Amino acid sequence: MAAYIAVSALSHEGLVREHNEDSLTVGPWTLCSTVTDNPQTLLFPLGPPCVVAVADGLGGHPGGEVASALVARRLAAAGGALDGEEAVRAELQECNRAVYAAAAGEPELAAMGTTVAGLVLLPEQVLVFNVGDSRVYRVTADGLRRVSVDDSPPLPPGRRTTSVVTQTLGGSLGLTFVEPHVRAEPLAPGDRYLVCSDGLTDPVPEEELAALLARPPEGADRADGGDRSDGKAAFELWRAAIEAGGPDNITLALVRIGA
């Protein structure tokens, strides 16, 4: 059987926010500022570039949901052309300009912005990218390995989270240059990644996320390699954030390379 990409994803407003300002890209599909009541699993062939990304609209700014949706839709449309690191960097620069252009002349959208984090999956490598504090983790036998780079100031001793971000797409009154984080890693069947907004990682420590993902998947001996169990794992991650108070929008995508 040819290698394939399995993506189990959901997006939820949490327990405190009045609406969802997160958006999600999975291949050509987008879910923009919309709540899903349960995880959805999509399958794609491993071959053409496939983008999986989360965009988290900036809270406290107007138009966060507009900015995140704009970026998610641009990435979905451009996905097939994102065949290398420079192409990804160039597209994120264009996303940044597009957010500022959309806000120009629209007072209700002034300084709107969004973070973004995600993957471009290629036959033998994965391109990891982010701007802001949404995250990408590689899920390994030893736990989680963060492969994105938080655009946040250093944390003081004893503090695990911060609401301060030092770089976003948009987010200022005038066009500001961004330096996207983009890196390439080898990709092979069995590899797993987690892409998520800080609505998951702020309330739930990495150790707990790793423990949930390390649970033996139901039906692991199935020929599908556990596609159905990915959805259950995504649900368990979401439930952990809700049980921790659900203080922010929660968007996540579990990605696995099957064969």
Side-chain angles (χ1 to χ4, degrees), residues 5-17 20-27 29-31 33-43 51-57 59 68 72 115-119 121 126 128 130 132-148 150 160-161 190-220 224-258:
I5 303 162
V7 184
S8 295
L10 60 80
S11 188
H12 191 270
E13 78 271 34
L15 299 179
V16 175
R17 306 294 189 187
N20 191 4
E21 295 189 350
D22 288 357
S23 294
L24 176 71
T25 302
V26 181
W29 306 97
T30 58
L31 187 70
S33 308
T34 303
V35 172
T36 50
D37 292 327
N38 49 66
Q40 306 296 311
T41 298
L42 299 174
L43 303 180
V51 179
V52 179
V54 169
D56 180 355
S68 71
T115 70
V116 68
L119 309 166
L121 299 141
V126 57
V128 181
N130 79 284
D133 60 356
S134 291
R135 290 180 178 174
V136 182
Y137 293 93
R138 183 170 182 180
V139 185
T140 73
D142 298 324
L144 293 181
R145 177 169 64 88
R146 194 187 311 176
V147 290
S148 57
D150 280 0
R160 192 177 62 80
T161 65
D191 286 353
R192 300 174 74 201
Y193 285 86
L194 169 64
V195 183
C196 59
S197 64
D198 65 356
L200 176 64
T201 55
D202 276 358
V204 187
E206 290 181 1
E207 297 78 11
E208 185 175 346
L209 297 176
L212 289 169
L213 289 169
R215 291 179 180 174
E218 295 177 3
D224 65 12
D227 295 340
R228 295 184 181 180
S229 66
D230 290 345
K232 184 175 188 300
F235 176 82
E236 294 292 344
L237 294 174
W238 166 81
R239 186 165 67 177
I242 291 295
E243 290 177 349
D248 200 354
N249 304 149
I250 307 157
T251 301
L252 64 98
L254 268 178
V255 180
R256 184 173 48 79
I257 305 304

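Nothing here was measured: the structure is a model prediction, and the numbers come from that model. The first residue of the sequence shown is numbered 1, and numbering continues consecutively from there.
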Study note, to complete from the structure: Residues D56 and S197: closest non-hydrogen pair is OD2-CB, 3.9 Å

**Study point:** Residue list, side chain to side chain contact (heavy atoms under 4.5 Å, CB included) with D191, at least two apart or on another chain
**Key:** R138, L187, A188, Y193, I257

Review point. Under 3.5 Å, is there a donor-acceptor pair between the side chain of T36 and the main chain of S11?
Key: yes

Practice item. Please name all residues satisfying side chain to side chain contact (heavy atoms under 4.5 Å, CB included) with E13, sequence neighbours left out, ordered by chain then number. Key: N20, V35, N249

Check your understanding: What are the two closest non-hydrogen atoms of G199 and A241, and how far apart are they?
Key -> O-CB, 3.8 Å

Check your understanding: When you look at V26 and L31, which way does the side-chain contact (heavy atoms from CB on, under 4.5 Å) test go after all the steps?
Key -> CA-CA 8 Å; V26 181; L31 187 70; over 6 Å; no

Practice item. Any chance you could lay out the side-chain contact (heavy atoms from CB on, under 4.5 Å) test for L194 and V136, step after step, and finish with the verdict? Key: CA-CA 6 Å; L194 169 64; V136 182; over 6 Å; no

Practice item. Report the residues that fulfil side chain to side chain contact (heavy atoms under 4.5 Å, CB included) with V16, sequence neighbours left out, ordered by chain and then residue number. Key: none

Review point. Quick one: does L252's side chain get under 4.5 Å of V54's, heavy atoms only?
Key: no

Check your understanding: Side chains of T251 and D22: do they bring a donor and an acceptor to under 3.5 Å?
Key -> yes

Exercise for review: State the CG-CD distance between D248 and E21, to the nearest 0.5 angstrom.
Suggested key: 8.5 Å

Point to revise | Exercise: identify the closest heavy-atom pair between G57 and S68 | key: N-CB, 3.8 Å

Revision key, fill the gap. One should read off an interatomic distance between E208 CD and L237 CG, to the nearest 0.5 angstrom, of 9.5 Å

Revision key, fill the gap. Residues V7 and A253: closest non-hydrogen pair is CG1-CB, 4.1 Å

Exercise for review: Would you give the length of the straight line joining atom CG of D37 to atom CH2 of W238, rounded to the nearest 0.5 angstrom?
Suggested key: 8.5 Å

**Study point:** C196 side chain near T201 side chain, heavy-atom distance below 4.5 Å
**Key:** yes

Practice item. For the pair T25 (side chain) and A72 (backbone), establish whether a donor and an acceptor sit closer than 3.5 Å, ignoring hydrogens and angles. Key: yes

**Study point:** Side-chain (S134) to main-chain (A117) donor-acceptor, under 3.5 angstrom
**Key:** no

**Study point:** Where A240 and L212 come nearest, the two heavy atoms and their spacing
**Key:** CB-CD1, 3.7 Å

**Study point:** Residues D198, R135: salt bridge by 4.0 Å N-O rule
**Key:** no

Check your understanding: Just how far is it from atom CG of N130 to atom OG of S148, taken to the nearest 0.5 Å?
Key -> 4.5 Å

Review point. Should L10 and N38 count as side-chain neighbours, where that means a heavy-atom distance under 4.5 Å?
Key: no

Review point. So, do L213 and Y137 sit near enough that their side-chain heavy atoms are less than 4.5 Å apart?
Key: no

Exercise for review: Using a 4.5 Å cut-off on heavy atoms from C-beta on, say whether the side chain of V126 contacts that of V255.
Suggested key: no

Check your understanding: How far does CD of E236 sit from CG of L209, to the nearest 0.5 angstrom?
Key -> 12.0 Å

Practice item. Starting at CG of D230, measure out to CZ of R256 and round the result to the nearest 0.5 Å. Key: 4.0 Å

